[in-house]
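Comments concern the structure below.
Ligands are counted one by one from 1 in listed order, and the atoms in each one are counted from 1 as well.
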Amino acid sequence: MTRVSESTWNNVCAEIDAEAIAQDTLEFVRVRSETGEEGDGSRFLADLLRRDGFEVRLDEIELGRPNVYSTVPHVGATTADARALVFNGHTDTIPVGVSTAPSRDGDWVIGRGTEDMKGGLVAMVHAVAALSKAGVQLAADLTMTGVVGHETPVGKKEGPRRLIEHLRSGAIVADGIIIVEGPKAIWSASLGSTIFTVTISTDRGPIHTVKVPFAENPALWAGKLLTEFARLEEEFSSADAHPLCGREQINVGLLHGGDYFNRLPTDVAVTGTRRWTPGKTFSEVRVQLQQLCDDLANASGLTFELALEANREPFETPPGHPMVQALQEASRVVSGGTPAPLVGMGMVGDANLYTNDGGVATVYYGPAHETAHSDDERVSIANLEHCAKVYALAAMEFCGHHQ
Ligand SMILES: [Zn+2]
């Protein structure tokens, strides 16, 4: 299946140096770039790209907070099966906090941002640099992108959204996006998700509970709402799960109400997450929750107000997509055996946005998804080398190249 000759591939591999990847990753994580103040991280990435001779465009989302883009233009006439590829990652990290200081330990580079996701960005740069050093000429444009404002709640996805504008306008051309983080597997589907808050209120005011029948207390009806959620959960668990990202879910994280043991809680708020499988849409989910609230409002005579935020449609890139096939072939060759498996996750990420809002099929492929957001964040150098090789070969497979 591969359209890359063995000699070309050997030349590319010879340009990928695990030690250099490790050093660049360590230097990158020494640059603090917490969300909102990630300018230095973006500039480090830009310098890394310039060092390898790539032209860089900085796109300021806010003063001092640039997205980074670097396009390697295709050479010669494009062939019919040439496809433009975008590599993507984020230059911000969650707060450094009390995480282990940046260091090296055997096969590990340690520190905030190693796995999530400066290691992947470095592997991306080394992959594309290896292609250029080996004289590989791609038949379609290849664009490397680093975005700001990824990590919530400080990040509002402002970097990804700016990139989406460029994808939609055609300023950045993409037939597929590979996000260079995640498990060492082709993460090709995620559930959709929304954060809901149901506020149950009464117009009685905060009066003594002796004056109010318990049947009219918002706290009781919060309980009934939770029971309805439990009934939904039972429905979800008996329905067919999505083969990659599992079943639909509803769960609760916040429960607020009342301020004194015998005063009526006038407002009780229930906040949680509702996740749904590819094939279903946000509007179906909203209608279902709204119906539940309306029914309980009618039964109780209380007000049930539903608010939904951070809505993300699910994404699923089909196994037959050329980008998935390119990654399968590349991972098969690099590991010398079986192709990387397709996986899905319950959690949502930027692929949900790029696929649904940007209209470009997206998958993740990264060194690991094990220590991100922990205080002992680390990344394996062997896995970064693996990723660099997979990215290089997948780019050749997907974009096509002139032999
Ligand atoms: Zn990340």
Practice task
State plainly whether the residues Lys389 and Glu385 are in salt-bridge range, i.e. N to O under 4.0 Å.
Solution key: yes
Exercise for the section: Could you note down all residue pairs passing side-chain hydrogen bond (donor to acceptor under 3.5 Å, both in side chains) where residues 109-124 supplies at least one of them, sequence neighbours left out? Expected result: Ser33-Lys118, His90-Asp116, Arg112-Asp375, Arg112-Glu377, Glu115-Thr371, Asp116-His373
Exercise for the section: Sort by chain and number the protein N/O/S atoms that are closer than 2.8 Å to the Zn ion (ligand 1), and list them. Expected result: His90 NE2, Asp116 OD1, Glu181 OE1, Glu181 OE2
Practice task
Mind checking ring-ring contact (aromatic ring centres under 6.0 Å, His included) for Phe398 and listing every partner two or more places apart, or none if nothing turns up?
Solution key: none
Handout entry: Asp52 with Lys133: basic N within carboxylate O range, under 4.0 Å
Key = yes
Handout entry: Partners meeting side-chain hydrogen bond (donor to acceptor under 3.5 Å, both in side chains) with Glu284 (sequence neighbours left out)
Key = Thr281
Handout entry: Pair Phe196 and Phe229, ring centroids less than 6.0 Å apart
Key = yes
